[in-house]
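What follows is a short report on a single structure.
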Number of protein chains: 2
Amino acid sequence: MPILRSLDGYAGSLAQRVYGTLKEAILDLSLKPGAILRKGEVCATLGVSRSPVSEALARLASEALVDVVPQAGTFVARLSMEEVREGAFLREALELAAVELVAGAATEAQLIQLRRSLRLQEALVEDADVGGFYAADAQFHEMILSFTGHRRLPGLSRTAWVHVDRARRLLLPEPGRVGETLEEHRAILAALEARDPVAARGATRTHLRQVVTRLERLVEARPELFA
Amino acid sequence: MPILRSLDGYAGSLAQRVYGTLKEAILDLSLKPGAILRKGEVCATLGVSRSPVSEALARLASEALVDVVPQAGTFVARLSMEEVREGAFLREALELAAVELVAGAATEAQLIQLRRSLRLQEALVEDADVGGFYAADAQFHEMILSFTGHRRLPGLSRTAWVHVDRARRLLLPEPGRVGETLEEHRAILAALEARDPVAARGATRTHLRQVVTRLERLVEARPELFA
DNA sequence: GGCAGCTAACATGCTAGCATGTCGCGCACT
DNA sequence: AGTGCGCGACATGCTAGCATGTTAGCTGCC
């Protein structure tokens, strides 16, 4: 059993903490795709019983992060370009609908929040704080989604994106990408400020397709990674 | 405990059958919104233990069909116009993205399937078979979603729509609505045949907003239904 | 030497009972 | 009479052990 971070640092019921621990390990590939994931071992490692583990695995199965084969075993899902494409499609659908709505309905206060986030992103780029920038990036997108007024939308978008996020670990960092990302965010904000839904959709679509394009190139170059 | 249909007729594990039984009862309002849903009673009624019931309730909670309050109780979700709007937004986002994609990529074989479905719908309208028509309606939409090639899309769309579907039980049948629905389907298919993504989006949007519009009128007339 | 069948180990799914925290009712007090 | 407090009943969450079905390896046979 690979090293599994302890439950500390996660909140809520045991099942929820087990879920968080396992999900993180799957997403950062410390649990290898295709590996068997024995419930008994997880129980022993984390020091909990099998019910919370079962519930956590059920949730992960509903996100297609693990495959549960009845009476046979539970396996970490393999990287799948199919899943990546589907996840990207879903997030794109949600986020395009969101920017379209927000372009027509954003309040001044909301625009101010977005501008502030952009200023923060600029500072992080100047400081070359890549980790911080990606956090601000995620927050920027979540803001837009939450401005629709739909509470569960940000979470759904995150869930849709998990397979893309996992596959992204295989990409090497590309110098200058953060700067381009910042520029794309500027274009989205500009379209929102102009209250132009079509431009907002276009800018968002362009932005979201960057990662997937790079992944498509990767799968072409090294198809064995997506067995 | 209201009458709960037996597990027979559902396939898969016990948990899955319990899930199906409960979901059906919640959706057709035979489990009253706001009612308490005791695990123990469900176990006794269905003759199963608490693990499968717990798993089923966890899934229902993730769809916001029940509220689980730790150490307090489980409650059938109340009807909520918020949830209806969010569900409608989600399905619209997914289905607009789907028709846009399909308009550009549909094969002739797929168009033939859709035309065949429309012919079936016409026959059902002529025979005034409303139930059959709604089944064909659902199938028509599922076809379009599946033509994107994304396997889980139809299921996600169904899940998104559950709150709308539940609230729809409150609407009285409206004479002539099936005819209008058929006409709207014709418009969607026409746009797909013309390979016109913009028109397809427009026709789909118009179509999907019909139910929500009627629900908005209902909540205005009888707000107490959505406590 | 290769293949088929069997057996044994072991995976998950389910059942039953214990620990923990909450809510509501009743009683005493103000 | 109204209010605050305390206790009891009971809800879910968790733990531990049993039933069921699969898989892999070994053995015997061809």
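Sequence lines set the chain letters: A, B, ... in the order given, protein chains first and strands last, and positions in each chain run from 1.
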Exercise. From the list dC14(C), dT12(D), dT12(C), which nucleotide is the closest neighbour of the side chain of Ala15(B)?
Worked result: dC14(C)
Problem set entry | Partner residues of His150(B) under the side-chain hydrogen bond (donor to acceptor under 3.5 Å, both in side chains) criterion, sequence neighbours left out | none
For this session: Specify the separation, in whole Å, of atom CZ of Phe75(A) and atom P of dT12(C).
Result: 9 Å
For this session: Please figure out whether Pro52(A) or Pro70(A) has its closest DNA chain D nucleotide nearer the 5' end.
Result: Pro52(A)
Exercise. Are side-chain heavy atoms of Arg158(B) and Val162(B) found at a separation under 4.5 Å?
Worked result: no
Exercise. Given atom CZ of Arg38(B) and atom C1' of dG13(D), what is their separation to the nearest angstrom?
Worked result: 18 Å
Seminar exercise, completed: Side-chain contact check for Ser49(A): nearest option of dA16(D), dA11(C), dT12(D) is dA16(D)
Problem set entry | 5' precedence on DNA chain D between Gln71(A) and Arg50(A) (nearest-nucleotide basis) | Arg50(A)
Exercise. If you check the Leu14(B) side chain, which of dT12(C), dT15(D), dT15(C) turns out closest?
Worked result: dT15(C)
Seminar exercise, completed: Checking dG13(D), dG13(C), dT15(D) against the side chain of Ser51(A) (C-beta onward), the nearest is dT15(D)
Exercise. Strictly by modelled atom types, are Lys39(B) and Ser54(B) linked by a side-chain donor-acceptor pair under 3.5 Å?
Worked result: yes
For this session: Examine the side chains of Ser117(A) and Gln121(A) and answer whether a donor and an acceptor come within less than 3.5 Å of each other.
Result: yes
